[in-house]
Student: 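Have a look at this one.
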There are 2 protein chains.
Amino acid sequence: MPSHADIHACNHVHAQCENADLVVAAVERAREAGLRRTRALEDVLHILVEAHRPLTLADVAESGQLGSGADRATVYRLLTRLEERGVIRRLGLHDRSAYYTMVFPGEHNDYLICNRCGKIERLDIACPVEALETQIAQQSGFASLYHELEFYGVCPACAEA
Amino acid sequence: MPSHADIHACNHVHAQCENADLVVAAVERAREAGLRRTRALEDVLHILVEAHRPLTLADVAESGQLGSGADRATVYRLLTRLEERGVIRRLGLHDRSAYYTMVFPGEHNDYLICNRCGKIERLDIACPVEALETQIAQQSGFASLYHELEFYGVCPACAEA
DNA sequence: ATACATGCAAACATTTTGCTTTGGC
DNA sequence: GCCAAAGCAAAATGTTTGCATGTAT
């Protein structure tokens with residue numbers, strides 16, 4: 001099940017990228033959360049923003065967009081810190097490894113995943129779970145409730161082969 | 001995050017257990033799918049039926065209900081085969097390890113999970129995703145579509161401490 | 001100057017496989 | 001008897017940590 005990043009080249013000068021503002025905003029959020037502005041931090045956030053889909057630690061570490069050539073351990077710790085501070089989210093997909101994705105305010109994160117080729121597609125749907133979530137929060141007494149919703153199946157391409 | 005089984009004792013004579021019929025049915029489904037009736041197979045299914053919640057490979061292998069004291073590799077291969085044949089389902093929860101749970105026909109499998117203590121609770125709710133699933137299947141062309149829905153948060157007990 | 005971040009290497013946890021022996025059918 | 005399953009042991013994979021050094025603030 002392949003899971004490697006396929007990120008468009010972007011010549012390392014973040015200000016020139018399409019989503020430059022999003023990256024800047026993300027870095028800002030990270031800084032407000034107490035992280036230091038380092039090359040690795042900027043690169044990791046840049047990669048996640050550009051990908052706009054869940055990436056594994058390996059995806060990020062090997063994406064070639066890490067100008068610094070940051071160490072895996074560094075990326076690992078960055079992802080962990082960013083997740084703890086709510087800048088990114090960790091997903092428990094079926095792969096052996098964890099996936100991380102940017103948290104874009106007001107944006108849904110439900111996925112459609114192929115069990116054969118591992119392709120992960122973000123679903124832009126009106127999620128019907130929102131209402132239910134509120135209800136469950138009340139009934140269960142759980143705090144900080146959020147949900148994860150994934151659809152699994154076999155994509156048309158894989159079904160042929 | 002603890003994830004060990006807490007299965008009620010049941011003196012190894014499957015016919016005497018509360019859910020004996022469910023175990024028998026499960027074994028039967030496995031047999032029809034081409035698996036051989038072995039001690040390990042019966043034990044694993046017995047454990048999963050009794051637990052009635054997702055268990056990890058380690059949970060099953062160390063549950064003490066494996067009369068045969070089956071090897072981890074054996075349990076692993078059994079779980080894999082059973083999943084491939086649709087007798088059980090594998091869940092990608094946030095834990096490092098995969099979870100397996102019985103597939104009870106007509107029963108929903110949405111979960112409420114505590115991010116602190118790791119407690120996993122099955123939700124007996126009318127899942128609002130069903131309709132959406134059909135729609136997505138049509139639009140995406142995906143085959144064998146199913147979904148996984150989990151709610152994460154902090155349970156009341158953990159919130160106190 | 002201080003505390004946080006990084007790199008490198010090593011430890012861990014879990015899954016996965018190879019191969020021989022056992023046992024269901 | 002034949003082929004799937006079990007047992008044992010080792011490899012593979014991915015995560016996590018310790019410690020010395022570098023660097024943002």
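The sequence lines fix the lettering, A, B, ..., with proteins before strands; numbering per chain opens at 1.
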Student: If you look only at distance, which donor and acceptor atoms sit under 3.5 Å apart when one is on a side chain in residues 146-161 of chain B and the other is two or more places apart or in another chain?
Tutor:
residue  : atom : partner  : partner atom : Å
B:His147 : ND1  : B:Glu133 : OE1          : 2.5
B:Glu148 : OE1  : A:His94  : NE2          : 3.0
B:Glu148 : OE2  : B:Gly92  : N            : 3.2

Student: So, the side chain of A:Asp59 versus the backbone of A:Thr56: is there a donor-acceptor pair under 3.5 Å, distance only?
Tutor: yes
Student: Counting just side-chain N and O atoms, does B:Tyr76 come under 4.0 Å of either OP1 or OP2 of C:dT16?
Tutor: yes
Student: Write down the distance between NE2 (A:His94) and C1' (C:dT15), rounded to a whole number of angstrom.
Tutor: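 After rounding, the reported distance stands at 15 Å.
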Student: Using the side-chain heavy atoms of B:Asp71, tell me which of these nucleotides is nearest: D:dC8, D:dT17, C:dA5.
Tutor: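 So the side chain of B:Asp71 is nearest to D:dC8.
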Student: What residues, two or more places apart in sequence or in another chain, satisfy side-chain hydrogen bond (donor to acceptor under 3.5 Å, both in side chains) together with A:Arg72?
Tutor: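 A:Arg72: side-chain hydrogen bond (donor to acceptor under 3.5 Å, both in side chains) contacts with A:Glu62.
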Student: Residues in side-chain hydrogen bond (donor to acceptor under 3.5 Å, both in side chains) with A:Tyr111, at least two apart?
Tutor: A:Asn109
Student: Return the set of residues passing side chain to side chain contact (heavy atoms under 4.5 Å, CB included) with A:Ala30 (not counting sequence neighbours), or none when no residue passes.
Tutor: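 Side chain to side chain contact (heavy atoms under 4.5 Å, CB included) list for A:Ala30, sorted by chain: A:Leu35, A:Leu41, A:Leu45, A:Leu82.
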Student: When you compare the protein's N or O atoms with those of nucleotides 18-21 of chain C, which come within less than 3.5 Å of each other, and at what distance?
Tutor:
residue : atom : partner : partner atom : Å
C:dG18  : O6   : B:Arg77 : NH2          : 2.9

Student: Run the side-chain hydrogen bond (donor to acceptor under 3.5 Å, both in side chains) test against A:Arg96 and tell me which residues pass, sequence neighbours left out.
Tutor: none
Student: Nearest-Å distance, CG (B:Leu78) to C1' (C:dT17)?
Tutor: 16 Å
Student: Please figure out whether B:Arg90 or A:Leu41 has its closest DNA chain C nucleotide nearer the 5' end.
Tutor: A:Leu41
Student: N/O contacts under 3.5 Å, protein versus nucleotides 12-14 of chain C?
Tutor:
residue : atom : partner : partner atom : Å
C:dA13  : O4'  : B:Arg96 : NH2          : 3.3

Student: Between C1' on C:dT15 and CG on B:Leu55, what's the gap in Å once rounded to a whole number?
Tutor: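 That distance rounds to 17 Å.
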Student: For the hydrophobic clusters of this structure (ILVMFWY residues joined by side-chain heavy atoms under 4.5 Å, transitively), does one cluster hold both B:Phe104 and B:Val44?
Tutor: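 Per the 4.5 Å side-chain linkage, B:Phe104 and B:Val44 are co-clustered.
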Student: With sequence neighbours left out, what residues match B:Arg37 under side-chain hydrogen bond (donor to acceptor under 3.5 Å, both in side chains)?
Tutor: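 side-chain hydrogen bond (donor to acceptor under 3.5 Å, both in side chains) list for B:Arg37, sorted by chain: B:Glu42.
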Student: Take the C1' atoms of the five end pairs on each side of the helix from C:dA1-D:dT25 to C:dC25-D:dG1, derive the two axes, and give their angle rounded to 10 degrees.
Tutor: 40°
Student: Would you name the heavy atoms of B:Cys127 and B:His108 that are closest together and state the gap between them?
Tutor: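 For B:Cys127 and B:His108, the tightest heavy-atom pair comes out as CB-NE2, 3.1 Å.
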Student: Could you pull out all residues at least two apart from A:Gln139 that satisfy side chain to side chain contact (heavy atoms under 4.5 Å, CB included)?
Tutor: A:Gln135
Student: If you compare every side-chain N and O of B:Thr74 against the phosphate oxygens of D:dG7 (OP1, OP2), does one of them come in below 4.0 Å?
Tutor: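 Looking at the OP1 and OP2 atoms of D:dG7, one of them is under 4.0 Å from a side-chain N or O of B:Thr74.
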Student: Could you run down the sub-3.5 Å N/O contacts of the protein with nucleotides 22-25 of chain C?
Tutor:
residue : atom : partner : partner atom : Å
C:dG23  : N2   : B:Arg36 : NH1          : 2.8
C:dG24  : N2   : B:Arg36 : NH2          : 3.4
C:dG24  : N3   : B:Arg36 : NH1          : 3.4
C:dC25  : OP1  : B:Arg31 : NH2          : 2.9
C:dC25  : OP1  : B:Arg37 : N            : 3.0

Student: For B:Val103, what are the other residues in its hydrophobic cluster, where any two members join if their side-chain heavy atoms are less than 4.5 angstrom apart?
Tutor: none
